[in-house]
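Note that the structure is predicted; figures quoted are calculated from it, not measured.
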Amino acid sequence: MLLTLGLIYNRFCFCLCILNSTDKTSLSKHSAFDVLVEPVRVDFELLLSSIKTQTHSTAQLVNTITDHLFSQGGKCLRPLMLLLCARACGYQGKDHITLGTVIEYIHTATLLHDDVVDNSALRRGKPTAHTRFGNEAAILVGDFLYSRAFQLMTHTKQLRVMDCFANTTNCLAEGEAQQLLNRHNPELSQANYLKIIQSKTAKLFETAAQLGAILAEMPEAVEAGLANYGLQVGLAFQIVDDILDYQSDDKTLGKNPLQDLKEGKVTLPLLYLYEQGSVETKALIRSSILSSTPTQEQINAIKVAIRHSDAIQQAYTVAEHAVNRAIAALSVLPNSTFKEGAIALARYALSRLQ
């Protein structure tokens, strides 16, 4: 009941935020995500074109796989965050399109590599690249996207930008390594869980928002505020993903549900269930997480236990607090339709549970 009320309240706030920047006619024509894009519609269309065209290669394998990847309908949330933050800071140039492309390439490269490591079969509702083209091809194209991203970022000729991306990609790799080391670890603490998702997921959101301030040459306080905004939104997105893993099917989720549990990964809902569960529940979780191949019976039992516990509500509350911190961090910006878009993007993280 509490989760339902929280979702209704969040949806109400989300709609109020949208209404500040668009009219009812627009709302009837566009989905919730489409409305998020409205403040930077022209920029976003340029971004999508850049993402598709900048991957062209003399190696046909690269073109085939990148066509497969960028026809899958990803929302480009991280680049969208960069566009909104840059415009909210008053930026009038064009480098935000280039850097948005860089961010999406880095994100896509990590997905390619992650899917190989996790042996994932679905991504955005379609077969993953490695299942269609093989592990070697998927890894090589991931490497290509990383290298193309670094080629593009040099076009800005800004050392701060390149330094920011260098630190970010290193952090992403460390986060993935930490997650790998903590597979099959039922004793993972909430602090370590948050540290892992901060590195492997939230860092790229943080960078996207921070770059908006860097491009606009904003004061350090504004840059720090936007970086914190991006970080908090990134944390919320990952926690909501972890909740959806226990609540959605493959059509809604776009990937196989309960995949993390099958791979021995402890996410926040499971962490709460383990902390507060009965002796029998703890034993069930331990045997499942420690096993390289948990049985379907074990997986189903854990899913039922989570749905009959407060674990989902507790995880949702953590995500909700992160969104509230993100919105508060935007106080460093003057009011504008772009700021309203950034607020709406933060609320969108929670609205995905609708």
S.K.: Please say whether more than 12 non-hydrogen atoms of neighbouring residues, nucleotides or ligands are located less than 6.0 Å from CD in Gln151.
M.R.: yes

S.K.: Hey, does Asp260 have a side-chain heavy atom less than 4.5 Å from the side chain of Val266?
M.R.: no

S.K.: Using a cut-off of 6.0 Å, state whether more than 12 heavy atoms not belonging to Glu297 lie near its atom CD.
M.R.: no

S.K.: Measure from NZ or CZ of Lys303 to the centre of the six-membered ring of Tyr246 and say whether it is under 6.0 Å with the direction within 45° of the ring axis.
M.R.: no

S.K.: Of the non-hydrogen atoms in Ala344 and Leu36, which two are nearest, and what is the gap between them?
M.R.: CB-CD2, 3.3 Å

S.K.: Are the side chains of Arg183 and Glu263 in contact, using a 4.5 Å heavy-atom criterion?
M.R.: yes

S.K.: Taking the side chain as every heavy atom from C-beta outward, state whether Val222 and Leu333 have any pair of such atoms under 4.5 Å apart.
M.R.: yes

S.K.: Is the closest side-chain donor-acceptor distance between Asn167 and Asn170 under 3.5 Å?
M.R.: no

S.K.: Taking all atoms of both residues into account, what is the closest heavy-atom pair of Leu61 and Ala137, and its distance?
M.R.: CD2-CB, 4.0 Å

S.K.: Roughly how far apart are Gln210 CD and Glu206 CD, rounded to 0.5 Å?
M.R.: 6.0 Å

S.K.: Could you check whether any side-chain heavy atom of Lys75 comes within less than 4.5 Å of a side-chain heavy atom of Tyr348, counting everything from C-beta outward?
M.R.: yes

S.K.: Ring centres under 6.0 Å, that's the criterion: do Phe205 and Phe237 meet it?
M.R.: yes

S.K.: Shared ILVMFWY cluster between Leu350 and Tyr272, side chains joined below 4.5 angstrom?
M.R.: yes

S.K.: Distance only, no hydrogens: is a donor on one side chain within 3.5 Å (strictly under) of an acceptor on the other, for Thr281 and Ser278?
M.R.: yes

S.K.: Flag yes if Ile214 and Met162 sit in one hydrophobic cluster, no otherwise; membership is Ile, Leu, Val, Met, Phe, Trp, Tyr, and two members link when side-chain heavy atoms are under 4.5 Å apart.
M.R.: yes

S.K.: Identify the two heavy atoms, one from Ala209 and one from Met81, that lie closest to each other, and give their separation to 0.1 Å.
M.R.: CB-SD, 3.9 Å

S.K.: Is it the case that the side chains of Asn135 and His130 hold a donor-acceptor pair, with the cut-off being a distance below 3.5 Å and no angle test?
M.R.: yes

S.K.: If you define the side chain from C-beta out and look only at heavy atoms, does anything of Leu211 sit under 4.5 Å from Cys85?
M.R.: no

S.K.: Would a 4.5 Å heavy-atom cut-off, applied to side chains only, mark Ile289 and Leu270 as touching?
M.R.: yes

S.K.: State, to 0.1 Å, how close Asp95 and Gln158 come at their nearest heavy-atom pair, and which atoms those are.
M.R.: OD2-NE2, 4.4 Å

S.K.: Between Leu80 and Val37, which heavy-atom pair has the shortest distance, and what is it?
M.R.: CD2-CG2, 4.2 Å

S.K.: Any side-chain heavy atom of Val318 sitting closer than 4.5 Å to one from His321?
M.R.: no

S.K.: Tell me the closest heavy-atom pair linking Ala311 and Pro269, and the distance in Å.
M.R.: CB-O, 3.2 Å

S.K.: Which atom pairs, one a donor and one an acceptor, fall under 3.5 Å between side chains of residues 45-53 and the rest of the protein, sequence neighbours left out?
M.R.:
{"residue": "Ser50", "atom": "OG", "partner": "Thr101", "partner atom": "OG1", "Å": "2.7"}
{"residue": "Thr53", "atom": "OG1", "partner": "Ser49", "partner atom": "O", "Å": "3.0"}
{"residue": "Thr53", "atom": "OG1", "partner": "Ser50", "partner atom": "O", "Å": "3.4"}

S.K.: Would you tell me whether Ser287 and Gln298 have side-chain atoms, one donor and one acceptor, within less than 3.5 Å of each other?
M.R.: yes

S.K.: Check step by step if side chain to side chain contact (heavy atoms under 4.5 Å, CB included) holds for Ser288 and Ile299.
M.R.: CA-CA 8 Å; Ser288 300; Ile299 292 169; over 6 Å; no

S.K.: In sequence, state the C-alpha distance, the side-chain angles, and the governing distance for Tyr105 and Leu152, and then conclude on side chain to side chain contact (heavy atoms under 4.5 Å, CB included).
M.R.: CA-CA 10 Å; Tyr105 286 174; Leu152 291 174; 3.8 Å; yes

S.K.: Nearest 0.5 Å, please: how far is OH in Tyr274 from CD1 in Ile306?
M.R.: 14.0 Å

S.K.: Answer whether the closest heavy-atom distance between the side chains of Thr55 and Asn63 falls below 4.5 Å.
M.R.: no

S.K.: So how far is it from Glu320 CD to Gln313 CD, rounded to the nearest 0.5 Å?
M.R.: 8.0 Å

S.K.: Just by distance, no angles: are the side chains of Arg325 and Tyr229 close enough, under 3.5 Å, to form a donor-acceptor pair?
M.R.: no

S.K.: In terms of the angle between their ring planes, are Tyr146 and His113 parallel, tilted or perpendicular, with boundaries placed at 30° and 60°?
M.R.: tilted

